[in-house]
Amino acid sequence: MLYCSAMGHRLSKITTRTGDAGETGLGDGSRLPKDHPRIAALGDIDELNSVLGLLGSEAVSPEMGQALRRIQSDLFDLGGEISIPGHRLLQTQQIERLEKWAEQFNADLPPLKEFILPGGSRVAALAHVARSVCRRAERSLVTLSREDAVEDASRIYLNRLSDLLFIWARVFNRQAGLADLSWERQP
């Protein structure tokens, strides 16, 4: 509970000037250079959350909209975990929920016979952008894990989320009456 009350106080003033020298504060009060792998990972997670917000602003089903909001909250948990080294917020149930959604939405899709290109409908293209940002966030966590401990659940969560976003891109194209855009190998 201390984390939440400290966060509320911290957000009462947005412009603090404490980062003007190229450092930023973590949730535990320590400071790191803004180009540190931990800060890069936090930035990639934040960017992913923003792209998911954009995706959710499109005409998605109420079920997918609720799922996206849940995922965005999960990403705040992940960010909290990364901003407080050694702290664990993501739970196995959050990963299992992603797996359940992936199975549910993939059930009606035809099997893939070729690689597919990102694109199709606008909402499918946004899901592909979110997927690629998610993969970058995952890579950032791998980079961070070479320097510092990172919970396995963090990487696994992002890996499952990128799978779900790929599936959703395919679902969005089907809902728009579009086929997957197949990769065409050049002769």
Side-chain angles (χ1 to χ4, degrees), residues 41-84 86-146 148-176 178-183:
L42 283 168
D44 290 342
I45 293 164
D46 183 39
E47 182 180 354
L48 172 59
N49 211 337
S50 297
V51 173
L52 291 177
L54 180 60
L55 178 61
S57 73
E58 292 292 315
V60 299
S61 71
E63 180 182 17
M64 285 182 173
Q66 289 175 344
L68 278 166
R69 284 186 295 283
R70 181 66 256 160
I71 291 165
Q72 286 186 283
S73 291
D74 290 349
L75 290 175
F76 262 77
D77 288 344
L78 176 55
E81 202 170 277
I82 300 304
S83 75
I84 304 173
H87 195 66
R88 181 166 184 183
L89 292 170
L90 275 180
Q91 302 299 315
T92 306
Q93 304 91 293
Q94 290 161 292
I95 296 168
E96 291 169 350
R97 185 172 47 237
L98 291 178
E99 291 171 347
K100 183 185 107 208
W101 286 332
E103 285 181 33
Q104 172 190 342
F105 287 102
N106 196 48
D108 294 330
L109 294 174
L112 286 173
K113 296 183 178 164
E114 295 290 337
F115 289 107
I116 65 170
L117 302 174
S121 68
R122 177 178 166 78
V123 68
L126 281 171
H128 279 295
V129 170
R131 175 192 52 78
S132 63
V133 173
C134 186
R135 288 288 187 200
R136 181 164 23 93
E138 181 184 5
R139 289 189 304 272
S140 291
L141 287 183
V142 169
T143 299
L144 175 59
S145 73
R146 287 193 171 90
D148 221 340
V150 173
E151 293 289 334
D152 289 341
S154 301
R155 288 189 320 276
I156 294 168
Y157 185 90
L158 291 176
N159 192 302
R160 296 301 183 280
L161 178 55
S162 66
D163 293 342
L164 178 61
L165 291 166
F166 178 82
I167 291 165
W168 277 355
R170 295 187 70 210
V171 168
F172 293 140
N173 275 336
R174 280 182 60 112
Q175 289 173 345
L178 301 172
D180 292 319
L181 302 173
S182 295
W183 169 51

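The residues of the chain are indexed from 1 along the displayed sequence.
- Pairing each heavy atom of V171 with each of F105, the nearest pair is CG2-O, 3.6 Å.
- A search for side-chain contact (heavy atoms from CB on, under 4.5 Å) contacts involving D44 returns E47, R136, A137, S140, not counting sequence neighbours.
- Residues in residues 164-176 take part in these salt bridge (charged side-chain N to carboxylate O under 4.0 Å, His left out) pairs, two or more places apart or across chains: R170-D180.
- The shortest non-hydrogen separation linking I82 to A41 is CG2-CB, 4.5 Å.
- The backbone N or O of N49 sits less than 3.5 Å from a side-chain atom of Q72, completing a donor-acceptor pair.
- Residues R70 and W101 form a side-chain contact, since some pair of their non-hydrogen atoms from C-beta on lies under 4.5 Å apart.
- Atom CG of residue L90 and atom CD1 of residue I156 lie 10.5 Å apart, to the nearest 0.5 angstrom.
- Summarising the geometry, atom CG belonging to L161 is positioned 11.0 Å from atom CD1 belonging to I95; distances are rounded to the nearest 0.5 Å.
- The salt bridge (charged side-chain N to carboxylate O under 4.0 Å, His left out) check on D46 picks up nothing, with sequence neighbours excluded.
- Q66 contributes atom CD, which lies 8.5 Å from atom OG of S61 (distance to the nearest 0.5 angstrom).
- Remark: L112 CG to W183 CH2 distance equals 13.5 Å, nearest 0.5 Å.
- Taking Q175 as the reference, nothing meets the side chain to side chain donor-acceptor pair (under 3.5 Å) condition, with sequence neighbours excluded.
- Minimum interatomic distance between C134 and L158 (heavy atoms only, all atoms of both residues): SG-O, 3.2 Å.
- The salt bridge (charged side-chain N to carboxylate O under 4.0 Å, His left out) contacts involving residues 92-102 comprise D74-R97, E99-R160, where partners must be two or more places apart or lie in separate chains.
- Residues forming a side chain to side chain donor-acceptor pair (under 3.5 Å) with D77 (at least two apart in sequence, or on another chain): Q94.
- Across all non-hydrogen atoms, the minimal contact from L141 to V150 is O-CG2, 4.0 Å.
- Note on residues 102-114: pairs passing side-chain hydrogen bond (donor to acceptor under 3.5 Å, both in side chains), not counting sequence neighbours, are E63-Q104.
- The shortest distance between side-chain heavy atoms of L178 and F172 does not fall below 4.5 Å.
- How far OG of S83 is from CG of L78: 9.5 Å, rounded to the nearest 0.5 Å.
- When all heavy atoms of S162 and N159 are compared, the pair lying nearest together is OG-O, 2.8 Å.
- Between E138 and R135, the closest heavy-atom pair is OE1-NH1, 3.0 Å.
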Anything under 3.5 Å between a donor and an acceptor, one on a side chain of residues 115-130, the other on a protein residue two or more places apart or in another chain? List them.
from : atom 1 : to   : atom 2 : distance (Å)
S121 : OG     : A124 : N      : 3.2
S121 : OG     : N173 : OD1    : 3.2
R122 : NE     : E58  : OE2    : 3.0
H128 : ND1    : R131 : NE     : 3.3
H128 : ND1    : R131 : NH2    : 3.3

Inset, instruction - Please step through side chain to side chain contact (heavy atoms under 4.5 Å, CB included) for the pair L165 and L52, ending with a clear verdict. - result: CA-CA 10 Å; L165 291 166; L52 291 177; 3.8 Å; yes
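- Residues W168 and L68 have side chains in contact (heavy-atom distance under 4.5 Å, counting atoms from C-beta outward).
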